[in-house]
Amino acid sequence: MGEIRIRPMTAEDYDSVHALWMTIRGFGIRSIDDSRQDIERFLRRNPSTSVVAEDEDTGRIVGAILCGHDGRQGCFYHVCVEENYRRRRIGTRMAAFCMEALRREKINRVTLIAFTRNDVGNAFWKQIGWTFRGDCNYYDFPLNRENITRFVGTAEADRK
Ligand SMILES: CC(C)(COP(=O)(O)OP(=O)(O)OC[C@H]1O[C@@H](n2cnc3c(N)ncnc32)[C@H](O)[C@@H]1OP(=O)(O)O)[C@@H](O)C(=O)NCCC(=O)NCCS
């Protein structure tokens, strides 16, 4: 295990990042939104705010955050660190990188969704200083029924 380099995600990272997502039990991966084409589009709209963590010895991607904004708020998606690399502050460093990138874009707030049952994710966000919002309900509405979510390696009850 080498030094970990935190750097912006680029379109060339797609295969490695997607392969990492597919190892994260409970991740919901969407057939359209997480396709190469749509991630490339996301990165064109948000070229400086997403991040990867790279093991400098092997060149492998061992962590990633998709991060973008709509001109008002920032949002994190698919925050993950490979299991063997956890508890080494990689998640903390990646989150700090994305938050700083959003600040440079003059974005004043950042949000994310953590499934209620995701104890590790919820412990992580609280530990690094994010505020749990128990006063909101989350709503969504699918605009394209072909955009199917599949959960990695698990029953729906374990989703992250
Ligand atoms: C959440 C995740 C990204 C954290 O990455 P990480 O690099 O291990 O996190 P860090 O080492 O920066 O952890 C910072 C602090 O968060 C807390 N934390 C992290 N993992 C934890 C765990 N498994 N249990 C309890 N607290 C935890 C700890 O306080 C930790 O500090 P410490 O190690 O000094 O005690 C990683 O566990 C992961 O990929 N999980 C699966 C995907 C996921 O749940 N993503 C979040 C979706 S909302």
> Does CD in E100 sit with more than 12 non-hydrogen atoms of other residues, nucleotides or ligands closer than 6.0 Å?
yes
> If you measure from CD1 on I65 to OG on S50, what distance do you get to the nearest 0.5 Å?
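OG of S50 is found 8.5 Å from CD1 of I65.
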> Using 0.5 Å steps for rounding, measure from the CD atom of Q73 to the CG atom of N108.
10.0 Å
> Could you go step by step and tell me if F76 and T111 meet the side chain to side chain contact (heavy atoms under 4.5 Å, CB included) rule?
CA-CA 7 Å; F76 284 7; T111 63; over 6 Å; no
> How many angstroms lie between CE in M99 and CZ in R103, if you round to the nearest 0.5 Å?
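One gets 6.5 Å once the value is rounded to the nearest 0.5 Å.
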> Report yes if the distance between the aromatic ring centroids of W21 and Y77 is under 6.0 Å, otherwise no.
no
> Rounded to the nearest 0.5 Å, what separates atom CZ in R109 from atom CD1 in I107?
12.0 Å
> Testing the basics here: between T149 and G28, what is the closest heavy-atom pair and its distance to 0.1 Å?
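Heavy atoms only, the tightest pair is CG2-CA, 3.7 Å.
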> Supply the atom-to-atom distance D33 CG to F42 CZ, rounded to the nearest 0.5 angstrom.
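It is 10.0 Å, given to the nearest 0.5 Å.
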> Ignoring hydrogens, what is the shortest heavy-atom contact between F151 and G26? Give both atom names and the distance.
CD2-O, 3.5 Å
> On a heavy-atom basis, which atom in I24 and which in V81 lie closest, and how many Å separate them?
CD1-O, 3.9 Å
> Can you check salt bridge (Lys or Arg N to Asp or Glu O under 4.0 Å) on D55 and R5, steps first, answer last?
CA-CA 6 Å; D55 183 327; R5 179 172 165 231; over 6 Å; no
> Among N137, T131, D135, which residue meets the side chain to side chain donor-acceptor pair (under 3.5 Å) test with R133?
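When side chain to side chain donor-acceptor pair (under 3.5 Å) is applied between R133 and each of N137, T131, D135, only D135 qualifies.
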> Which pair of non-hydrogen atoms, one from S16 and one from I61, has the smallest distance, and what is that distance?
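Scanning both residues, the minimum pair turns out to be CB-CG1, 3.5 Å.
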> Is it true that R25 and E83 make a salt bridge, defined as a side-chain N closer than 4.0 Å to a carboxylate O?
no
> Write down the atom of I4, the atom of I90, and the distance for their closest heavy-atom approach.
CG1-CD1, 3.8 Å
> Say whether, by atom type as modelled, one donor and one acceptor occur between the side chain of D57 and the main chain of E3 under 3.5 angstrom.
no
> Got a salt bridge between R45 and D70, using NZ or NE/NH1/NH2 to carboxylate O under 4.0 Å?
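Looking at D70 together with R45, the answer is no, because their closest N to O distance does not fall below 4.0 Å.
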> Taking atom types as modelled and ignoring hydrogens, do the side chains of E12 and T10 form a donor-acceptor contact shorter than 3.5 angstrom?
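The criterion, which ignores hydrogens and geometry beyond distance, is satisfied for T10 and E12.
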> How far apart are the closest heavy atoms of A53 and I6, and which atoms are they?
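Nearest heavy atoms, A53 then I6: CB-CD1, 3.8 Å.
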> Roughly how far, to the nearest 0.5 Å, is the OH atom of Y14 from the CG atom of L43?
10.5 Å
> Could you tell me whether a side-chain N or O of S31 sits under 3.5 Å from a main-chain N or O of I148, the two making a donor and an acceptor?
yes
> Looking at R60 and E54, is there a salt bridge between them, counting it only when a charged N and a carboxylate O are closer than 4.0 Å?
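Looking at R60 together with E54, the answer is no, because their closest N to O distance does not fall below 4.0 Å.
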> Give a yes or no on whether a salt bridge exists between D38 and R30, defined as a side-chain N under 4.0 angstrom from a carboxylate O.
no
> Taking T49's backbone N and O only, do any of them form a donor-acceptor pair with N46's side chain (distance below 3.5 Å, no angle check)?
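Side chain of N46 to backbone of T49, a donor-acceptor pair under 3.5 Å: no, none is there.
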